[in-house]
Amino acid sequence: RSTQSRSSAASDVYKRQDYYQVMRAYIENERNTVKTAKELYMGRSTLFYRLKKIRELTHMDPEKLEDPRLNLYLRLSLYILEHAEGQDPA
């Protein structure tokens, strides 16, 4: 594997982890963008950009999480992912 493809793969992993952290914080903060941005130490415009990228990648609108079923599904998914990775779920 070339150095360029390894760095590209590492960049993809970093982006996925970043999007995961954004989505997790956004859900935990009940979709409050001010609290989420503050928790993640980023500006709201950066948060909005990342939420847009999540929407493009998943075809799911994070801003529509008022649907209780979708909200529950995502919360359970995050819990299972964190538990499966050996992390202490919040």
Any side-chain heavy atom of Y20 within less than 4.5 Å of one from L81?
-> yes
State the CD1-OH distance between I54 and Y49, to the nearest 0.5 angstrom.
-> 11.5 Å
L72-Y79 co-clustered via ILVMFWY side chain contacts under 4.5 Å | no
Taking the side chain as every heavy atom from C-beta outward, state whether K35 and E30 have any pair of such atoms under 4.5 Å apart.
-> no
Verify the cluster assignment for L70 and L51: are they in a single hydrophobic cluster under the rule of side-chain heavy atoms below 4.5 Å apart?
-> yes
If we only count heavy atoms from C-beta on, is the M60 to L74 side-chain gap below 4.5 Å?
-> yes
Would you say the side chains of E39 and N29 form a donor-acceptor pair under 3.5 Å?
-> yes
Closest heavy-atom pair and its distance - A37, L47 | N-CD2, 3.9 Å
Approximate separation, where rounding is to 0.5 Å, of F48 CZ and T36 OG1 = 9.5 Å
Out of curiosity, S77 OG to R24 CZ, how far, rounded to the nearest 0.5 Å?
-> 14.0 Å
Considering all heavy atoms of both residues, which atom of D61 and which atom of R55 are nearest to each other, and what is their separation?
-> OD1-NH1, 3.1 Å
Full working for salt bridge (charged side-chain N to carboxylate O under 4.0 Å, His left out) between R75 and E28 = CA-CA 8 Å; R75 286 177 181 272; E28 287 179 355; over 6 Å; no
How about R50 and M42: do any of their side-chain heavy atoms sit closer than 4.5 Å?
-> yes
Which residues pass the salt bridge (Lys or Arg N to Asp or Glu O under 4.0 Å) test with K53, sequence neighbours left out?
-> E56
Does a side-chain heavy-atom distance below 4.5 Å link T33 with Y26?
-> yes
Is there a side-chain contact between N71 and E66, using heavy atoms and a 4.5 Å cut-off?
-> no
